[in-house]
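The structure presented is a predicted model; accordingly, all values stated were derived computationally and were not measured. Each ligand, and each atom within it, is numbered from 1 in the order the structure gives.
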Amino acid sequence: MAKQLIKRDLFDQVMVPNYSPLDIIPIRGQGSKVWDQHEREYIDFAGGIAVSSLGHCHPKLVEVLKQQGEKIWHLSNVLTNEPALRLAKKLCQKTFAERVFFCNSGGEANEAAFKLARRYAYDHYGDHKHEIISFRQSFHGRTLFTVSVGGQPKYTEGFGPPIEGLTHLPFNDLKTLEQAISGRTCAVVMEPIQGEGGIIPATAAFAKGVRKLCDKHSALLIYDEVQSGAGRSGSLYAYMQMGVTPDILTTAKGIGGGFPFGAMLATQKVADSFIVGTHGSTYGGNPLGCSIAEAVLDIISSKKVLDGVKTKHNRLLKGLGKINNKHKIFDAIRGQGLLLGCVLNKKMQGKSRNVLNAALTQQLLVLVAGPNVIRLAPSLIIPNQDIDDGLEKFELALSEINL
Ligand SMILES: *Cc1c(COP(=O)(O)O)cnc(C)c1O
């Protein structure tokens, strides 16, 4: 009897309905291409939502996964392990960080960051200093604390009383922050480039102003670089191009290259507030995840890869600009490195999902960031040929939609 194909329909019969996946089911990937159950080939401009930073099945990552997989996977934090120590040392050498906490996702990294900020303020100033300021359209994860800090009503409604002590302000608006920040503020958290919110970079003046106001009010500055980090912006972390250094930084998505991984980086002074027993994670810092993240970090922090991100950015931008000249569909193409947002113009309002579906028909994977932005977050080492082929498919998709 022939093996029965597992169909997309099964999803609706057996899965919690919190997602609505596309119709195809990819079964393998290599570099910036994936293949579905019918051997149809797709160009991947989505990168698993800015996660597959080195594409699919990068030979070095596969090698490390296999090697470490035959040595030891998990120990728990009752013991430490060599990959975790090596990775932490490298992160400290390559960034502002002096201490590192490992976990398994962006939400967990932010949960740790927000708890640490509150605990640090509690230790040094007292209980009254627990307020966290964040910005509209921001996204920090789906745990109750992180989703509340993100503050988008569509994600927080119906989950009981909200977490207290949170304020949400307009992004890139220093005036309102100046009015809202106070001695009760323990931290201000921002994404240097808002991802889910529509690929909106912080202006240099805003970023510098936020740092100044934090210093003035003894509040910690937290950078959520879960999406913008791990080389995606063209530097190892986006803060490195901004002339601003945070006190805490969170990284996940791209740093694991597809393996679930997250980390919170901090200065020693701040980190010291997480004394034994204050926080933890069963899987965080396991040798399997750390060995893979170490291999990812080694590769993405090379000058070759980071320079490549910039030239690939230019190549994509040029191609998108050409397409837009012809089809007049975007008001702006914004973003940094290989995190780009194409902002749909008036006649296309609310139609990002239509574009995504049209691209899928052309065998191209793209992302949306809200109803009006097409988001591209391909592998940092996507071959130029795949960029060009993907752009061609994108143009075909747009001409279909334009009918
Ligand atoms: C994706 C994302 C998160 C959440 O990460 P998970 O791994 O899904 O928990 C947090 N912050 C930002 C900026 C993100 O893009």
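For ligand 1 and Ser105, the ligand atoms under 4.0 Å from any heavy atom of the residue are 7 (O), 9 (O). Listed by number with element, the atoms of ligand 1 under 4.0 angstrom from any heavy atom of Gly141 are 4 (C), 10 (C).
Here Ala252 has no heavy atoms under 4.0 Å from ligand 1, in either its backbone or its side chain. At a heavy-atom cutoff of 4.0 Å, ligand 1 is contacted by the side chain of Asn110 but not by its backbone. If you look at His140 next to ligand 1, the close heavy atoms, those under 4.0 Å, all belong to the backbone.
For atom 9 (O) of ligand 1, the nearest protein heavy atom lies under 4.0 Å away.
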Which atom pairs, one a donor and one an acceptor, fall under 3.5 Å between side chains of residues 335-342 and the rest of the protein, sequence neighbours left out?
unit_1	atom_1	unit_2	atom_2	d
Gln336	NE2	Gln241	OE1	3.0

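Contact record, Asp386 with Phe45: O-CE1, 3.8 Å, taken as the closest heavy-atom pair. Nearest heavy atom pair, residue Glu196 against residue Glu191, reads N-OE1, 4.5 Å.
Listed by chain and number, the residues in a salt bridge (Lys or Arg N to Asp or Glu O under 4.0 Å) with Glu63 are Lys60 (sequence neighbours excluded).
Checking only distances, Val226 never comes within under 3.5 Å of ligand 1, N or O to N or O.
Side chain of Arg136 to main chain of Gly151: no donor-acceptor pair is present (N/O by atom type, distance under 3.5 Å, no hydrogens or angles).
A salt bridge links Arg28 with Glu39; the closest basic N to acidic carboxylate O contact falls under 4.0 Å.
Looking only at heavy atoms of the protein, atom 11 (N) of ligand 1 is closest to Asp224 OD2, 2.8 Å. The protein atom (non-hydrogen) at minimum distance from atom 2 (C) of ligand 1 is Lys253 NZ, 2.6 Å. Scanning the protein for heavy atoms near atom 7 (O) of ligand 1, the closest one is Gly106 N, 2.8 Å.
No donor-acceptor contact under 3.5 angstrom links the side chains of His74 and Asn286, judged on distance only.
Between Phe206 and Phe171, the ring center distance clears the sub-6.0 Å criterion.
Within the 4.0 Å heavy-atom cutoff, Gly195 does not count among the residues contacting ligand 1.
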